[in-house]
Amino acid sequence: MRGSSGSIFNPASPHTEAISHLFVISLWVCAIIFAIVAGLVGYSIVRYRWHEGDRDPAQVAGNKMVEIIWTVTPLLIVLVLFGLTVHAMQRSDPPATGDPDFVIVGHQWWWEIRAAKDGFVTANELHLPVGRAISIELDTADVLHEFWVPQLTRKMTTVPGARNHLWLQADRPGTYEGVCSEFCGTQHAWMRFQVIAESPEAYQAWVRRQQQAAATPTGPAARGRALFAEMTCVNCHSTDQKNFAINAGPNLAHLASRRMIGSAIVSNTPANLRRWLADPQQVKPGVKMPDFKLTNEQTNALVAYFETLK
Ligand code: CUA
């Protein structure tokens, strides 16, 4: 992760706070044990080293008191850590209740975000209202992936044929980086996403915008829209925010409103869109989008169209 902002040591939700606390406590317990053991070994080496003329020390075996101490002490430490772990598990993974707010589907190599309750589908950028726990169901379109926002959630695998669940909550506004943390093929490392936590009003505004139909442009952008429909783009991408069926590639109804493209790997600028259209494999080797060998004129028209999809 970049810098400390995306670090597990900078938790921003009750779930990751529980995990982070447990980690720090375990680290201290291990550090103290290490210091005691290493200290005693060091002391013994110096204090009882062999000197010329030393006789063998008295041979003792089976000191009951010592054996009780070194059996009971580790047992108590393990029991305490077990208790703390169960507590952290309960805090970081509350049981699912009701229908999920979002179903997130892992694809090679991007994230589909389905908001069945609110009636829209988007990709790679999820917004959250600060301080509220949002229920997420995880699914996959192909192989095992793993959904992870280090500052907000524990890791959770997406499993073909099974549904997993987690809660997403952010206690501070901000942009949180998400990753896929289960190896899933060529572009596993670039299967990123962003979680943007904002005020409840801003979140509602985001939901309302996602629910709106895509813009119908005029001018050069209209030419782009026609190209989009004539070429094979529409086989994989829909610009209908309610179309849950066409999902081989991300839904583009509000592409221009997203901060990043290519599954959160480059910022969403006209220059980057042009690079992507000109040769997707150059930007993201292995990506399932082919190189369409577009002419300059076609590329410009498509970029103009995508820029209208606010
Ligand atoms: Cu998806 Cu790794």
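What you see is a predicted model; the values in this text were computed from it and never measured. First listed ligand is number 1; within each ligand, the first listed atom is number 1.
The aromatic ring centres of Tyr203 and His127 sit 6.0 Å or more apart.
Shortest non-hydrogen contact noted between Ser26 and Leu81 is OG-CD2, 4.0 Å.
Between the side chains of His254 and Gln210, no donor N or O sits under 3.5 Å from an acceptor N or O.
None of the N, O or S atoms belonging to Gln108 lies under 2.8 Å away from atom 1 (Cu) of ligand 1. Among the atoms of Glu146, no N, O or S atom is found under 2.8 Å from atom 2 (Cu) of ligand 1. At a cut-off of 2.8 Å, His145 does not coordinate atom 2 (Cu) of ligand 1 through any N, O or S atom.
Restricting Glu182 to its N, O or S atoms, the one at the least distance from atom 2 (Cu) of ligand 1 is O.
For the pair SG of Cys180 and ND1 of His188, the angle at atom 2 (Cu) of ligand 1 is about 120°; rounding is to 10 degrees. Remark: at atom 1 (Cu) of ligand 1, atom SG from Cys184 and atom SD from Met191 enclose 110°, rounded to the nearest 10 degrees.
Looking at heavy atoms from C-beta onward, Thr158 lies out of side-chain contact with Glu182 at the 4.5 angstrom threshold. Cys180 is not listed as a side-chain neighbour of Trp109, based on a closest heavy-atom distance of 4.5 Å or more.
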